[in-house]
Every structure is written in structure tokens, then in C-alpha cells.
Amino acid sequence: MLFRARSGTFLTFALAGLLTGVWVARMPALAGKFGTSEGEIGIVVLIWGLGAIVAMQALRGVMARAGSRNVLRVALPLTALSYAGVALAPTYGLLLGAVALFGMTFGITDIAMNAQGSVVEQAYRRSIMSGMHAGWCVGAMSGGLYGVATAAAGLGFTATVLVAALAAVPLGLALGRTYLPDGYPVDSGAVPATALPAASGTGRAARRLPAAVYLIGVLAFIAFMTEGSIADWSGLLLHDEMHASQALAALGYPMFELAMLFGRLVGDRVRMRLGTRRLLTGAGIGTALGMSAVVLAPSAPVAIAGFFATGLVVCTVVPTTISLAGTAAPGRPAAAVAQVGAMGYGGLLLGPVVVGFLSDATSLRVGVGVVVLLALLIAAGARLLPLRSLADVSAHSPEAAVAAAEAPSAVAAAEVPAGIADTEAPQTAGVASGASGDDPNGTHPEPVAA
């Protein structure tokens, strides 16, 4: 059951990535179809992002009540259908309407599949979210290569996107049978029911998410802003600034996704070995170096190599924030992932727009160079994550436990009276495992202030 759910969620990420890969790879063809400027393409991306954010916020309560499985079964096929509307839009005005609908359905699909990934990860009790997002890379790379092939064959934007949309509908319906209910970890006994505290208070107080969710959301905002800027503007940077052909320009995003695939296939093991904080700090610094190579590249092939290097290191940031969100609000993973996803989409919305308007005012090199600053913010923000208060799955590894044991917090953990530790351990094992460096299994948590 768990293997089928993991495979189905992986393929869901792959299908969503494929739709995105086709969209991004043929962005120059979309601009050519309607004769739009870089600023007008930025508006298209803006409308898409606004649709996603509005849907996420409006349906967060529905997600919490219905669960990711039920939402995903409806949203994924609807996303494919709305994608066909984008392909068939005859005018720029109708394109904006179709893109808004596509953004709404895609946004719901995105947070639902991430919430489902969190459910599966908690059932496994170890980090697998990066591997789930590797499915996205497989799909995005496949979609990008499909875009390269259709561009080389002379097919336009309409035919390319319409074929992908029609193929995605039956696939989305078939995947609906593989998902787990949101309560599966509790029902299966993987996590004791007593370990999930009930919401305190009534009314709005009971619905309020922990502050940690919003702190994770800020980092997700920056991470999505970084990835979105690369995804939406890589093709135009190569084509307009470096004078590459449409076929070569379309290769930039697939190469970026190929590198992200390689990185995410090993990302869970790297996280379990290094720990979450070190992983995110290194990813931010590495992304800044890779994108510096891109904006300073003298030719398209060098820039494509820079995109590849960037993908290798930035790939773990988004999966890690989603994984943390799934544990930040025990008993309400779907709502927490929806909130972090909505904040992330704010960055996905803002980043490409900022790059677009900066490019209009200066050049595409300067606009895309914003990603370097964003990457440095990721490295700095990793130091602020409240990992001690989260059930960080990376803390279950022996390597992370040894690294954390060197911290001063290990001394305080060792001073916990044995009687208190033995009494409280069954109820706080998940949290304690991320807090006590000398206790990777979480059997002796730190005392909780009265």
C-alpha cells in the first residue's frame, strides 16, 4: 500500500512537471504567437500566479476538511483540461483568462500533491520528499525535451500544448486510485495518536496555524521565487540576450531540471547525513555561485552549463520546506502545506514579474541576476528555521545525531531528569528527535516550560 502510494505520488509530481516543462520550454513560441513583449509575458505569468494564490487561500479550509487525496482526485484532471484552454486561446485577452483558470487548478493540484507527499513521508518515518520532487524533475525534463522536439519540428505553441493536455487527462484520472487518506500514519500506527495534539481553543484560535508554519513559508517564498525566475526566463535569456536558436534556448530549462533530478535522487540521503540546516545553507551558497556563472556567461552553452550547476544545488530547498511544513502543525499537515504553498507561490508570482520589469528597464542579464541575491537570502534564512520545535525527519539519522551532539544544546538535554524523560517520551518523540543531539530516537526530550 505504501509503495503504491509513493509511486502514485511520484507520478503525480511527474505529470505536473511535464505540463510545466512544456509551458516553459515553449515560452518564446507563446510570445511569438501573440507578438508580446517581455513585460506582457510577465503579465501572463503574473495572472497565472494570482490564480494559483487565490485558489490556495480560498480552498485551504476545504483542503483541511476533505484531505489531499479527495482534492487531488478532482484537481489533477481539471488542471489538464484548463491547460487545453491555454493552448486554444485565440487572442491575448482570452489567453489571460485561460491562464488564470489554469493557474487556479494547477495551484490546487500543487499543494494537494505536496500534502499527499507529506502524508506518505510521515508514514515512512524518514525523508523521502526530495525523491517525490524528483518526479517533478522527470516530468519537467520530459516536457522540456518534448518542447525542444516540437520547436525543431516547426510545431507552434497551440499544437504542442494541446497534445500534452489531452494526454494528461486520462493519466490524472488513473492516478487518483493510488493516494493515501490524510490520517493514514495515525490509522496505521506509524505515529501514535497521542503524539498529535489537538487544536487548542475554539473558532479562529483553533484554526490558527503555529508560527513555525509562517516562518517556513517565508523561506519557501524565497525558494519558489528563485526557481520561478529561472524557469520562466531561462529560455528568453538564451534566445534574446545570447542569440541562441529557439531549439537551443528551449534546452536551458530541461538541463536545469535534469540537474535537479540528479540532486533530488540523492537529496534525501544528503539531508539525513548533513542535517536540514547545513543542507539549506549550502544550497543557497551554491545557487548564488551557479547563477553568477549564468549571468556572466559569454555564450549560450556556458550559460546552459551554469543552469545545470545551479539545478544540482537548488533542488533540495523546496522539498525541504514542504517536508518541514508537513510536521509543523501536527494533525493538520494539509492545511500547513497549503499555507506554505500559498506563500511559496507568492514568490513564484513575484520573482518572474520582477525579472521581467527589470529586464525591460535594463537587460535580461541584470534581471536574472536577482536570483543571485535570492540564493544568498536562502543561505541566511536557513539559520532562522526553528528546527528544535519541529519533528525534523533528518534528525533520525545517526550522522545528524552525531553532528547535533556537538552543539551546546546537548548539554542541556543531558540534564533532563530521567523520571520526566521517561514519562514524556511517548508523547513527544517526534519533536524531541529534532531537538536533542545526543538522542536521535527522541526518547529523552527536553523539559517543556509550564
Side-chain angles (χ1 to χ4, degrees), residues 21 24-25 27-28 31 37-39 41-42 45 137 140-141 144-145 147-148 151 219 221-264 279-318 347-348 350-382:
V24 170
M27 195 67 73
S37 66
E38 292 170 353
I41 289 294
V45 177
C137 298
M141 182 178 64
L145 292 175
V148 171
L219 188 58
F221 177 91
I222 301 172
F224 272 87
M225 192 173 180
T226 301
E227 283 195 24
S229 299
I230 296 172
D232 288 337
W233 291 104
S234 59
L236 289 173
L237 173 68
L238 295 170
H239 182 264
D240 294 353
E241 192 75 16
M242 302 181 185
H243 310 294
S245 65
Q246 280 201 17
L248 181 60
L251 191 60
Y253 184 64
M255 291 300 292
F256 173 72
E257 287 294 338
L258 176 63
M260 291 186 73
L261 170 61
F262 291 156
R264 283 175 173 172
L279 174 68
L280 292 176
T281 302
I285 295 173
T287 300
L289 293 175
M291 287 307 297
S292 295
V294 170
V295 297
L296 298 175
S299 63
V302 176
I304 291 174
F307 281 125
F308 186 87
T310 300
L312 284 175
V313 288
V314 76
C315 60
T316 56
V317 179
V318 169
L348 198 65
L350 182 61
V353 174
V354 170
V355 171
F357 285 110
L358 277 178
S359 299
D360 270 346
T362 55
S363 69
L364 271 169
R365 289 181 188 265
V366 174
V368 176
V370 171
V371 175
V372 176
L373 299 178
L374 295 175
L376 293 176
L377 287 176
I378 291 174

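Residues: numbered from 1 along the sequence shown.
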Interatomic distance, CG@Leu312 vs CZ@Phe262, rounded to 0.5 Å, equals 8.5 Å
When every non-hydrogen atom of Cys315 is compared with those of Gly311, the smallest separation belongs to CB-O, 3.3 Å
Arg264 to Cys137 - nearest heavy-atom pair and separation:
NH1-SG, 3.4 Å
Drop me the distance from Leu238's CG to Leu251's CG, to the nearest 0.5 angstrom.
8.5 Å
Measure the OG1-CZ distance between Thr226 and Phe221 for me, rounded to the nearest 0.5 Å.
10.0 Å
Got a second to check how far Leu237's CG is from Arg365's CZ, nearest 0.5 Å?
6.5 Å
Quick one: closest heavy-atom pair of Ala249 and Gly235, and the distance?
CB-O, 3.4 Å
Under 3.5 Å, side-chain donor or acceptor atoms of residues 279-295 against the rest of the protein: list the pairs with distances, not counting sequence neighbours.
| residue | atom | partner | partner atom | Å |
| --- | --- | --- | --- | --- |
| Thr281 | OG1 | Arg277 | O | 3.0 |
| Thr287 | OG1 | Ala283 | O | 2.7 |
| Ser292 | OG | Ala288 | O | 2.8 |

When you compare the side chain of Val368 with that of Ser229, does any pair of heavy atoms fall below 4.5 Å?
no
At their closest point, which heavy atom of Ser359 faces which heavy atom of Gly367, and how far apart are they?
OG-CA, 3.9 Å
Is there a side chain to side chain contact (heavy atoms under 4.5 Å, CB included) between Phe307 and Ser234 once you walk through the steps?
CA-CA 8 Å; Phe307 281 125; Ser234 59; 3.6 Å; yes
Carefully, step by step, assess Leu248 and Ile304 under the rule side chain to side chain contact (heavy atoms under 4.5 Å, CB included).
CA-CA 9 Å; Leu248 181 60; Ile304 291 174; 3.8 Å; yes
Tell me every residue that passes ring pair (Phe, Tyr, Trp, His ring centres under 6.0 Å) with Phe224, counting only those two or more places apart in sequence or in another chain.
Tyr345
What distance separates Ser299 OG from His243 NE2, expressed to the nearest 0.5 Å?
11.5 Å
Identify the heavy atoms of Pro28 and Ala25 that sit nearest to each other, and give their distance.
CD-O, 3.7 Å
Which atom of His239 lies closest to which atom of Ser245, heavy atoms considered:
CD2-C, 4.0 Å
Could you state the interatomic distance from CD1 (Ile222) to CD (Glu227), rounded to the nearest 0.5 Å?
13.5 Å
